[in-house]
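Every chain is numbered from 1 and lettered A, B, ... according to where its sequence line falls, protein lines coming before strand lines. These figures come from a predicted structure and were not determined experimentally.
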Amino acid sequence: MSVPTSDIDLFSDEVLLDPYPSYARLRELGGVVHLPGNDVYVLTRYDVIRDALGDWETFSSTRIGFNPAVNEALQGTSLASDPPVHDQLRATLTANLSPRALRGLKTQIQAKAGSLVDELVAQGSFEAIDALARAFPLEVVADLIGFTGHVRDNMLRWGQAAMQVIGPMNQRTAESFPIAGELYGWCATVTAEDLAPGSVGRGIFDAQARGDIPAGTAGHIIHQYLGAGVDTTIAAMGNIVALFAAHPEQFELVRKDAALVPAAFNEVLRFWAPVHAWGRLVTKDAEIDDAVVPAGAQVAILFGAGNRDPRHYDDPDAFLVERNPVDHLSFGYGPHGCAGQGLARLEAHAVIEALAHRVGRLVVGEELRIPSNITRSIERLPVVEVVPA
Amino acid sequence: MKIAADRARCEGHGVCADIAPEVYDLDDDAVVVPRFEVVPPELERKAEAGARVCPVAALRVTT
């Protein structure tokens, strides 16, 4: 059987703003669909995506981006490498991000979330993206890695640009490359003294100085913390507020049962995947659902399409906090599964808990979205009224 | 049914122990420790579910 094709443009404004109708059409065409216009093969169904994420030998990470320049720029990062090199790079990356490494941070992060939400509730209305979705992870990551001064001020635009340039060479990518270049440049020259004493960032340089990690890797690790951990977390935080506001009866369930907090975050991630498309290179002819994807093909994994696959989830287009989809695809899976997921969970659980304790209901105005190549997030979300708990 | 746990790959996310605590324990470093070499039949579904949700594919069950 040949691979079905579609003329959907994966990176058009329309698809980026609301990809779910396109995801559904593509998923019905097949587990893999060729998009000649984008020169990619998209993976659309849950099982197909999960199998590909687990099979690094067939689906190589050396082409996670959709233009050659970004794949070149990401060389030497664990994100863009395959085992066995990947495993050592990954170990250095996760040494400071694993749940055990982060255990001591939990109380601090909960306190930060609590006081921020207290402030916002007291204000009575606020703009959820700047005041919460961006403010909170930026502060957590900056304090954790030890960013100070101009870097702290640039984290948001650098983080956004680092994701944007993973897209195909369209106007959005072209405009973002100079900004991503600032990030690459800074990461290539950053030294221990640029990072706050006692921070994780400083610790990575100490490890490099001791020879525990190869020379030159500290900058790559800092690059990935900033490039991968900022924009996606911000997207998830904004989605929490928007989905709780849009589904007050679901928020009410979380308010009444704090044990639902982790399940609610899993459902937020399943319902709206922060990452739209992520690349892989097919290293050898791969048979998917009886169709063959040729060696050398560029694949785009559509996490959000897999997360709404009715073959895997009942009633997939409903937002249900009690569903607890622990196996959602938004963190990826396998050797390249999101290295920062432990930190993301800490941050999100803290914010959801804080909202559930302090807020009765959120009344929001119209959300604004801006098309973006890779990260799907809300740009502006006015909370016009906070009904206190 | 047996459990193959790759303790080097385990990063301590603890998702297995959250959903199948009867089968998976975590040590002081949060690294997975399966409670059985051979999974009792009544816990096989739990063992499978716990292995399936490992975010980094460090767990496999074999029959």
### Message
Looking at chain A, which one of Leu26(B), Asp29(B), Val53(B) has the largest number of heavy-atom pairs inside 4.5 Å, strictly under?
### Response
Asp29(B)

#### Entry: Side chain / backbone / both / neither for Val15(B) at chain A, heavy atoms under 4.5 Å
side chain

### Query
What part of Asp18(B) is in contact with chain A, defined as an atom under 4.5 angstrom from a non-hydrogen atom: side chain, backbone, both or neither?
neither

### Task
To the nearest 0.5 Å, tell me how far Arg9(B) CZ sits from Arg90(A) CZ.
8.5 Å

### Summary
Rounded to the nearest 0.5 angstrom, the CD-CG distance for Glu11(B) and Leu93(A) is 8.5 Å

Enclosure of [X] [atom1] (heavy-atom neighbours >12, cutoff 6.0 Å):
{"X": "Asp315(A)", "atom1": "CG", "answer": "yes"}
{"X": "Glu42(B)", "atom1": "CD", "answer": "yes"}
{"X": "Arg311(A)", "atom1": "CZ", "answer": "yes"}

Identify the two heavy atoms, one from [X] and one from [Y], that lie closest to each other, and give their separation to 0.1 Å.
{"X": "His13(B)", "Y": "Pro99(A)", "result": "CA-CG, 3.5 Å"}
{"X": "Tyr333(A)", "Y": "Arg52(B)", "result": "CE1-O, 4.3 Å"}
{"X": "Asp28(B)", "Y": "Arg103(A)", "result": "O-NH2, 3.1 Å"}
{"X": "Gly334(A)", "Y": "Ala57(B)", "result": "CA-CB, 3.8 Å"}

### Summary
Interface check, chain B: of Leu102(A), Thr94(A), Asp327(A), Leu97(A), most non-hydrogen pairs under 4.5 Å belong to Thr94(A)

### Heavy-atom proximity to chain B below 4.5 Å, by part of Asp87(A)
side chain

